[in-house]
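No experiment lies behind these values; they were computed from the predicted model shown. Every heavy atom of this structure was used, including side-chain atoms; hydrogens, water molecules and symmetry mates were not.
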Amino acid sequence: MLSRVADSLYWLSRYIEHAENLARLVEVTRRDSLAIRGASSGESIWRPILFASDLEDEYENAASDDEKNADVGYFVTLSVDNPDSIRRCIALARENARVVRDQISEEMWVELNSIHLYLKSQAAEQDYLQDPDRLFRKIIRFSVVFQGLTASTILHDEGWQFSRLGQFIERTDKTSRILDTLTFTGDEPERSELLSVLRACSSFAAFRKEYVDGVSFRNVASFLLFSQAFPRSVRFCLRRLDETLHAISGVAPGAFSNEAERLTGSALAQINFSSVDEVWSRGLHKSIDDLQVRLNNIGQQIYETYVHLPFEIRNVTRTEGIPLDWRHQQQQQQQ
Amino acid sequence: MTFTVTGDTVHGTERIFPFDLIPRVIPDAEWQKIEQGLSQRIIALNLFLNDIYHGGKIIADGIIPEDVVKSAAHYRPEMVGVDVPKDIYIHICGSDLIRDGEGNYLVLEDNGRCPSGVSYLLENREAMKRAVPGMYRALGVRPVDDYADLLRKTLEFLSPRQAQSPVCVVLTPGLYNSAYFEHSFLARQMGIEIVEGRDLVAIDGYVYMRTTRGLVQVDVIYRRIDDDFLDPQVFREDSMLGVPGLMDAYLKGNVALANAVGTGVADDKVTYAYVPDMIRYYLAQEPIIDNVPTYLGWREGDRRYILEHLEELVVKAANESGGYGMLMGPSSTKEERVVFAQRIEAEPRNYVAQPVVSLSRHPTICGDHIEGRHVDLRPFVLYGEDIEIIPGGLTRVALTKGSLVVNSSQGGGSKDTWVLYQ
């Protein structure tokens with residue numbers, strides 16, 4: 001398939017997975033901030049979200065420009081000044097979907113288009129203030145429905161594999177980042193914080209089944225990193241990523257034909273043959289940091305291998321960075 | 001279905017293209033004449049293009065002034081002496097037809113570069129089949145659904161690699177183009193890739209597309225972008241839509257383009273006036289479908305006539321399309337006429353004028369009742385191994401009462417066109 005189309009399918013599902021994870025994180029944090037009302041200004045409980053999404057600088061700038069953005073929940077959910085807000089991610093997902101309209105089903109398009117229209121409407125702003133539960137439920141529901149439609153309404157061909165790559169690389173990244181919020185203060189996290197993290201990963205019930213001996217920092221980390229069966233654990237997602245890359249290239253499991261496969265296999269082996277003791281002795285934050293560097297490299301290598309083809313393109317005179325002009329040229333008259 | 005309007009930033013750019021439920025019906029005998037007339041015309045236009053890019057006998061014989069040809073905005077000196085596959089330049093043509101007071105069909109203009117609208121025709125038909133299946137069956141309407149197959153065959157016919165199954169693609173300017181919906185629709189219907197310039201790369205005289213499996217050689221490009229943007233090395237160097245090196249591959253015969261480069265000289269609104277003469281010259285036949293009488297700005301006598309009768313005429317810029325750059329004399333204001341008079345004086349070559357032909361009207365649903373609205377007809381002609389015209393065409397309707405402008409960008413809508421078996 002066309003490299004550009006594969007790339008759009010990848011980003012389409014990646015943006016949606018990203019938006020869903022943010023929605024869960026914000027929703028959980030918001031609820032917890034209600035519980036500890038009065039304990040602090042509320043600022044400190046929101047900090048880890050910014051930390052987990054690498055948005056601290058953007059937040060400072062946006063908050064000083066517009067007081068609406070001072071509310072971290074708003075900044076992450078609906079702000080147009082945050083390039084990474086749920087609203088902006090859904091808009092980007094829709095842009096990518098437009099490019100691949102012929103690859104996705106009508107149902108997928110309709111779902112995506114309606115959440116996009118909702119998020120840019122006054123209704124969403126109003127829900128955020130008056131009925132935030134409704135807003136976040138809607139976003140999470142949308143993502144779940146969309147992923148269900150992706151699994152059940154389109155061909156499971158190469159394009160579908162690329163959308164799975166986007167989904168699982170993003171999910172690995174998000175689970176690890178959410179876990180990393182526990183290392184933010186440097187203190188031993190409280191029980192309520194551990195529960196929040198489990199809930200933000202939709203994993204409370206699943207965790208209970210695997211760890212009857214209780215909620216401890218080590219257990220939570222061990223579950224989110226190593227669980228064989230929980231579909232948001234780092235191990236589970238890396239395994240899917242590895243399988244999908246091999247499904248695309250047709251290369252046997254355990255072997256590799258490109259850098260993306262090699263790095264993914266190596267990251268998976270690292271998880272498969274590691275243990276929570278080893279993670280603890282290296283430090284959780286350090287281990288997660290390493291994982292994220294690996295994930296970035298994997299994403300980069302998927303791009304190099306399948307999208308930005310590794311051959312020399314001669315005589316490229318394309319000027320850089322004038323998308324408006326480009327858009328204008330696209331609008332040339334048709335007869 | 002949506003399309004995009006250029007230059008309206010307030011209301012956004014995606015619009016619904018209005019569709020009228022009352023079909024326009026064309027009896028078989030009437031259609032046969034249209035078919036013959038359009039076939040005759042596309043043959044003559046192609047002979048003309050081949051001629052002017054290979055010496056120009058028609059100019060030497062004094063049928064068309066050299067000036068008219070060479071000063072056309074879309075004349076491409078790069079194409080002089082170039083042989084195109086099968087000597088066909090215009091493979092896909094959309095000529096606009098109207099009917100005069102006596103019911104005769106006349107050609108209003110030819111669109112021989114990137115005619116659009118065929119997807120609306122196909123979608124309209126699907127909508128009508130769902131809406132009035134009984135009437136559709138009872139009348140005996142000729143089907144249109146093999147268009148995509150015919151188009152694909154037309155494209156494959158041009159392939160430089162006939163030995164194997166040719167790789168054809170649709171080249172679109174991109175998502176923001178008004179006709180993007182159609183580009184993607186046709187690609188889907190034909191089962192071929194829709195590509196943007198950045199998906200293609202020219203290496204050593206061949207064109208390839210970038211896929212997840214590496215580079216794949218492309219044989220035929222159904223391009224929906226103007227000549228100007230095709231290749232920044234040859235045409236506009238600021239083009240971000242084209243493929244550097246594409247023309248080189250094209251001139252070497254390693255990739256075919258539909259339509260060919262340089263066809264715009266044939267659908268120029270001044271050249272248009274000479275098409276009946278071309279038919280007589282190349283085919284020794286009388287035109288089966290006539291032109292609308294046309295006054296040319298560059299002819300001294302005609303120009304004087306135009307300037308004196310602005311109020312009665314439709315004035316058109318020679319190289320604009322989509323209803324842009326047009327003066328409707330009878331409904332114009334004095335200020336508009338003054339502006340146009342100045343433009344004509346300044347650039348006489350760029351303007352033509354025609355008497356207002358009262359376009360035929362057709363019953364159309366207007367709110368809760370039916371009224372007459374002006375219509376035209378754009379049939380789509382394919383010229384490959386054979387000439388194929390799918391029965392009917394896109395009937396465009398001016399939804400505003402009294403308006404004669406049917407272009408979608410100017411508030412027009414469309415109807416399904418039913419050609420009957422008898």
Ring pair (Phe, Tyr, Trp, His ring centres under 6.0 Å): which pairs involve residues 190-227 of chain B, sequence neighbours left out?
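Checked against ring pair (Phe, Tyr, Trp, His ring centres under 6.0 Å) - neighbours excluded - no pair reaches residues 190-227 of chain B.
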[atom1]/[X] to [atom2]/[Y] distance, rounded to the nearest 0.5 angstrom?
| X | Y | atom1 | atom2 | value |
| --- | --- | --- | --- | --- |
| A:Arg4 | B:Glu196 | CZ | CD | 4.0 Å |
| B:Arg188 | A:Gln103 | CZ | CD | 10.0 Å |
| B:Phe185 | A:Arg101 | CZ | CZ | 12.5 Å |
| B:Arg213 | A:Ser3 | CZ | OG | 10.5 Å |

Please classify the contact between B:Asp267 and chain A as side chain, backbone, both or neither, with a heavy-atom cut-off of under 4.5 Å.
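For B:Asp267, side-chain heavy atoms alone lie under 4.5 Å from chain A.
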Side chain from CB out, backbone as N, CA, C, O: work out which of these in B:Val216 comes under 4.5 Å of a heavy atom of chain A, or both, or neither.
neither
Can you check side chain to side chain contact (heavy atoms under 4.5 Å, CB included) on A:Asp102 and B:Ile194, steps first, answer last?
CA-CA 10 Å; A:Asp102 54 334; B:Ile194 175 169; 4.2 Å; yes
Sorted by chain and residue number, the side chain to side chain contact (heavy atoms under 4.5 Å, CB included) partners of A:Ser8 (sequence neighbours excluded) come out as A:Asn96, A:Val99, A:Val100
Who passes side chain to side chain contact (heavy atoms under 4.5 Å, CB included) against A:Pro231, sequence neighbours left out?
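For A:Pro231, the residues satisfying side chain to side chain contact (heavy atoms under 4.5 Å, CB included) (neighbours in sequence not counted) are A:Arg171, A:Phe236.
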Exceeds 12 heavy-atom contacts within 6.0 angstrom, atom CZ of A:Phe256:
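Result for CZ/A:Phe256: open.
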How far apart are the closest heavy atoms of A:Ala6 and B:Thr212, and which atoms are they?
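Residues A:Ala6 and B:Thr212, closest heavy atoms: CB-CG2, 3.5 Å.
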Sort by residue number and list every residue of residues 148-168 of chain A having at least one heavy atom under 4.5 Å from chain B.
A:Glu158, A:Phe162
